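Following: one structure in structure tokens, then a few remarks.
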Amino acid sequence: MYGILEKEKLAPNVIHFKIEAPAVARKARPGQFVILRVDEKGERIPMSLAGWDPARGTIDITFLVVGTSTRKLSLLNPGAGVLNVAGPFGRPAEVEHYGEVVCAAGCFGVGAILPVAAALKEKGNRVVAVMEGRSKAFLFWEDRLRAVSDELVVATGDGSLGRKGWANDVIADLVNAGRRIDRVIAVGCTFMMMECSKATRSHGIPTVVSLTPIMVDGTGMCGCCRVQVGGQTRFACVDGPEFDGHQVDWDLLISKQKSYLDEELRSLNLWERANWHKLMAR
Amino acid sequence: MAADRENGLAEEKETKKKKVVRYERVPMPKQEPEVRRRNFNEVAFGYTEALARDEADRCLQCKKRPCTEGCPVNVDIPEFIAAVKEGRFEEAVRILKRKNSLPGICGRVCPQEVQCESRCTLGRKGTPVAIGRLERFCADWALANRDRVESVEKAPPTGKRVAVVGSGPAGLTAASDLALLGHHVTIFEALHAAGGVLVYGIPEFRLPKHIVQAEVEYVRSLGVELVLDFVVGRAATVDELLAEYDAVFLGTGAGLPMFLNIPGENLNGIYSANEFLTRVNLMKAYLFPEYDTPVKVGRRVAVIGGGNVAMDASRCALRLGAEEVYIVYRRSRAEMPARLEEVENAEEEGVHFRFLTNPVRFIGDERDWVKAMECIEMELGEPDASGRRRPVPKPGSEFVMEVDTVIVSLGTTPNPLIAQTTPGLETTRRGTLVADEATGKTTKRRVWAGGDIVTGAATVISAMGAGRRASRSIDAFLRGLEDF
Ligand SMILES: Cc1cc2nc3c(=O)[nH]c(=O)nc-3n(C[C@H](O)[C@H](O)[C@H](O)COP(=O)(O)OP(=O)(O)OC[C@H]3O[C@@H](n4cnc5c(N)ncnc54)[C@H](O)[C@@H]3O)c2cc1C
Ligand SMILES: Cc1cc2nc3c(=O)[nH]c(=O)nc-3n(C[C@H](O)[C@H](O)[C@H](O)COP(=O)(O)OP(=O)(O)OC[C@H]3O[C@@H](n4cnc5c(N)ncnc54)[C@H](O)[C@@H]3O)c2cc1C
Ligand code: SF4
Ligand code: SF4
Ligand code: FES
């Protein structure tokens, strides 16, 4: 059992956990993830590391509540724990001195990009953080992101805070304003990462994305996480999750992420029927 | 060898004048094919005490013990069978455990027809003694009568510490042997359950998971510490383990799936056998939605390959509701590496076989789901390095098979993680670790290895044998009797 030490609701559908996982905390690097299992009947689900503390032996995750597993997770409170946490998995993010780097994040990606932005800044890059959300209420941790960047630009879909629009619009603004950008890193939902890659493509700005295909083991054993990048098959859990956004076959990735949609809906339906009282109490 | 056996038979008949030789083995009760093809319960029920004693009675107790030679760990077969025959089951279990710490597993999954049973004198004229079934019977008896089997004696603590990486048959065997020899052992396992392929690969209907669980519990009862969710190479390197332990044994198996590398292979509905079986067995997708992990099986399923893994995948697909399941194999029936019993079981259950056929590309629908597979017919040419005749494509013989699920089961290679993160460990071209066969010593001091990580995908019993040999060498090293 891996104890939950802290829980914070960051947005209507995003939660932060601090979890005891000393083995992971000792070795974690920016851009890596863990695989966890809530309970005996649970799936193995990947979650990016939003932070870690080797001295205390803790890790941080921020997650978006989407289906059965993340709903189950959202009901846990400090004092309880998750059954399994393994990692750190994936290649660490590439962190070099590039110059001007845009770190674009949406929903759970705001947590996931924090350690990456911090490492980039430490390497002497000038970090421009871009945060997107459907509306003001869905934004969180602006302070934390500001602390690890040189500049923070916010965009909301409804214009309730910052620029009306999305992260890719902000990137387009920067490019149009003639700002020099040496590299873009986008972390968030697949659609957002695809749009950010599109925004930089014609300008030849190297763009890195952190892909989230469905996974099982996270160690290269099953091939479930395979993605097509530059016409080649890559396993996101060991070759990634970071890839060149201009080379990713986005259509295939999106269709693969939906491959269990029927089953997920069925599972969620059954689970909600059995657990509606817990959801009400939350 | 055939002639040898003929002579052996004559000889044994000669010495056992009074005994009637019974050529037919006692059948083992099984679920009927029409019933079992739709459930995940174990296919074979196993012998009862009476059936086991009756089958044991067929054994000729050959002086030359050819069967024992056929077993990779040299189980004392005539002795344990004699004990079964006389109803001394506790004794039979003890004899078995001298050489084989996992009889309940080997009795079920060993390819007996090419090992112990292939050498049985009775096999010349009739069917060999059902050694595997008797072994299984003994192990099941022991499980049901736990308190009647005396616990084994542990050597006094030596104060030495050994890290075992991987909890498959190689790791479990090395760990239990080393614990019995008095060393403190910690197993590090990447997954959330111990057992390796025994839990994530081989399905419930062939090897019930409570059997594996019982073996893991036994290993823990010897004082072995089990650390799950711990990937060596990620959470700690081998060098870091060496700083805390006196020796390290690597039993990490051959877990990386191979793909065909043909167009369309990343379409939806195309699984590696590893993924498919892991979902079904380890994650219990056959119990979805009670369990959270789903698996998707369509109406027409093609399983590419001809090994045990392909048989398991095809039979799982049937049980998950597929209407038609095809094994598509590029050689012919004779070259199939799967256990004979499983090929027969699959056939009885209604799996279809397409021999001398190989896929060349997958065709997707507008939503990127596989809808068909283009294949080419093959013929057998000259023998290749493995001694099997090499399949060559027949030009112009392409045809299209409609399928909505494909399970690619071409075999596996070792995960490169350990080799990549451990300076000084030499690997072969095939990605396996270089290790001495007799001792398991690798090219790195204080590091031993055994099982699939050294041999490439092989068998449970050979992995166990390697774990046992390495544990002897590790013990000798730790006692200062042997250098490394
Ligand atoms: C390397 C990696 C890191 C990740 N990091 C985070 C993180 O830090 N925070 C976070 O909230 N999520 C993260 N994810 C996604 C997260 O794993 C999924 O949201 C989760 O598995 C969904 O489980 P569920 O049972 O709640 O939903 P499901 O019922 O399984 O799915 C519900 C919906 O989510 C979609 N979905 C399913 N699996 C994924 C997936 N792997 N990625 C994206 N969409 C998916 C489905 O298409 C479906 O529409 C990460 C994924 C990967 C591969
Ligand atoms: C579907 C299937 C059916 C089979 N059927 C048969 C059969 O009928 N008869 C037979 O004799 N053989 C069969 N085999 C082969 C047999 O199971 C293997 O040869 C045997 O399990 C190998 O044992 P092992 O201990 O070397 O490795 P494995 O059983 O593969 O165990 C290795 C373990 O190490 C863990 N591991 C890997 N990397 C790390 C790491 N870095 N850190 C920590 N842990 C790690 C893995 O998670 C795994 O648990 C079958 C194999 C499969 C896949
Ligand atoms: S371990 Fe396997 S090969 Fe040896 S006797 Fe038992 S079933 Fe036969
Ligand atoms: S099992 Fe077969 S070979 Fe072995 S002793 Fe009995 S009859 Fe002889
Ligand atoms: S998740 Fe299984 S190989 Fe990547």
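Order of the sequence lines fixes the chain letters, A, B, ..., with proteins taken first and strands second; residue numbering starts at 1 for each chain. None of these values were measured; they are calculated from a predicted model.
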_Contact between B:Pro359 and B:Ile262 at the side-chain level, heavy atoms closer than 4.5 Å - yes or no?_
yes

*B:Phe259, part contacting chain A, at a heavy-atom distance under 4.5 Å*: side chain

*Measure distances from A:Ile254 to the heavy atoms of chain B and classify the residue's part below 4.5 Å as side chain, backbone, both or neither.*
neither

_Contact origin within A:Leu252 toward chain B - heavy atom pairs under 4.5 Å_ = both

*Which is it for B:Leu425 and B:Ile418 under the side chain to side chain contact (heavy atoms under 4.5 Å, CB included) test, yes or no, and what are the steps along the way?*
CA-CA 9 Å; B:Leu425 263 190; B:Ile418 297 260; 3.9 Å; yes

_Heavy-atom check, side chain of B:Val197 versus side chain of B:Ile202, under 4.5 Å_ = yes

*Given a strict heavy-atom distance threshold of 4.5 Å, which part of B:Val295 is in contact with chain A: side chain, backbone, both, or neither?*
backbone

*Are any side-chain N or O atoms of B:Thr455 and backbone N or O atoms of B:Gly451, one a donor and one an acceptor, separated by less than 3.5 Å?*
yes

_Heavy-atom pair count under 4.5 Å with chain B, highest-scoring of A:Ala25, A:Ala21, A:Ala23_ = A:Ala23

_Minimal non-hydrogen separation, B:Ala194 against B:Val212, with atom names_ = O-CG1, 4.3 Å

*For the residue pair B:Pro414 and B:Leu433, establish whether any side-chain heavy-atom pair is separated by less than 4.5 Å.*
no

*Measure distances from A:Val38 to the heavy atoms of chain B and classify the residue's part below 4.5 Å as side chain, backbone, both or neither.*
neither

*Please examine the side chains of A:Leu5 and A:Ile19, heavy atoms only from C-beta on, and report whether any two atoms are closer than 4.5 Å.*
no

Please tabulate, one pair per line, the donor and acceptor atoms of chain A and chain B that lie under 3.5 Å from each other, or say none if there are none.
| from | atom 1 | to | atom 2 | distance (Å) |
| --- | --- | --- | --- | --- |
| B:His192 | ND1 | A:Arg44 | NH1 | 2.9 |
| B:Asp229 | OD1 | A:Asn84 | ND2 | 3.3 |
| B:Asp229 | OD2 | A:Tyr2 | OH | 2.9 |
| B:Asp229 | OD2 | A:Asn84 | ND2 | 3.0 |
| B:Arg234 | NH1 | A:Gly90 | O | 3.2 |
| B:Glu240 | OE1 | A:Lys27 | NZ | 2.5 |
| B:Glu240 | OE2 | A:Lys27 | NZ | 3.0 |
| B:Glu265 | O | A:Arg226 | NH2 | 2.7 |
| B:Asn266 | O | A:Lys256 | NZ | 2.6 |
| B:Asn266 | OD1 | A:Arg226 | NE | 2.9 |
| B:Asn266 | ND2 | A:Gln228 | OE1 | 2.7 |
| B:Asn266 | ND2 | A:Thr233 | OG1 | 2.9 |
| B:Asn268 | ND2 | A:Ser255 | O | 3.4 |
| B:Asn268 | ND2 | A:Ser255 | OG | 2.7 |
| B:Ile270 | O | A:Arg226 | NH2 | 3.0 |
| B:Tyr271 | OH | A:Tyr260 | OH | 2.7 |
| B:Ser272 | OG | A:Cys222 | O | 2.5 |
| B:Asn274 | ND2 | A:Met221 | O | 2.8 |
| B:Arg279 | NE | A:Tyr260 | OH | 3.4 |
| B:Glu290 | OE2 | A:Lys41 | NZ | 2.9 |
| B:Asp292 | N | A:Lys41 | O | 2.8 |
| B:Asp292 | OD2 | A:Lys72 | NZ | 2.6 |
| B:Lys296 | NZ | A:Ser259 | O | 3.2 |
| B:Lys296 | NZ | A:Glu263 | OE1 | 3.0 |
| B:Lys296 | NZ | A:Glu263 | OE2 | 3.2 |
| B:Asn415 | ND2 | A:Thr219 | O | 2.8 |

*A:Val24 portion near chain B, given a 4.5 angstrom heavy-atom threshold*: neither

_With a 4.5 Å cut-off on side-chain heavy atoms, are B:Val309 and B:Leu277 touching?_
yes

*Evaluate the side chain to side chain contact (heavy atoms under 4.5 Å, CB included) criterion for residues B:Ile407 and B:Ile304: first the C-alpha distance (whole Å), next the side-chain angles of each, then the deciding distance (0.1 Å), finally the verdict.*
CA-CA 6 Å; B:Ile407 303 166; B:Ile304 321 295; over 6 Å; no

*asked:* Heavy-atom pairs under 4.5 Å with chain B: which of A:Gly223, A:Gly67, A:Pro88, A:Gly218 has the most?
replied: A:Pro88

*Among B:Leu228, B:Leu417, B:Val408, B:Ile270, which residue forms the greatest number of heavy-atom pairs with chain A at distances under 4.5 Å?*
B:Ile270

*Using a 4.5 Å cut-off on heavy atoms from C-beta on, say whether the side chain of B:Val280 contacts that of B:Pro203.*
no

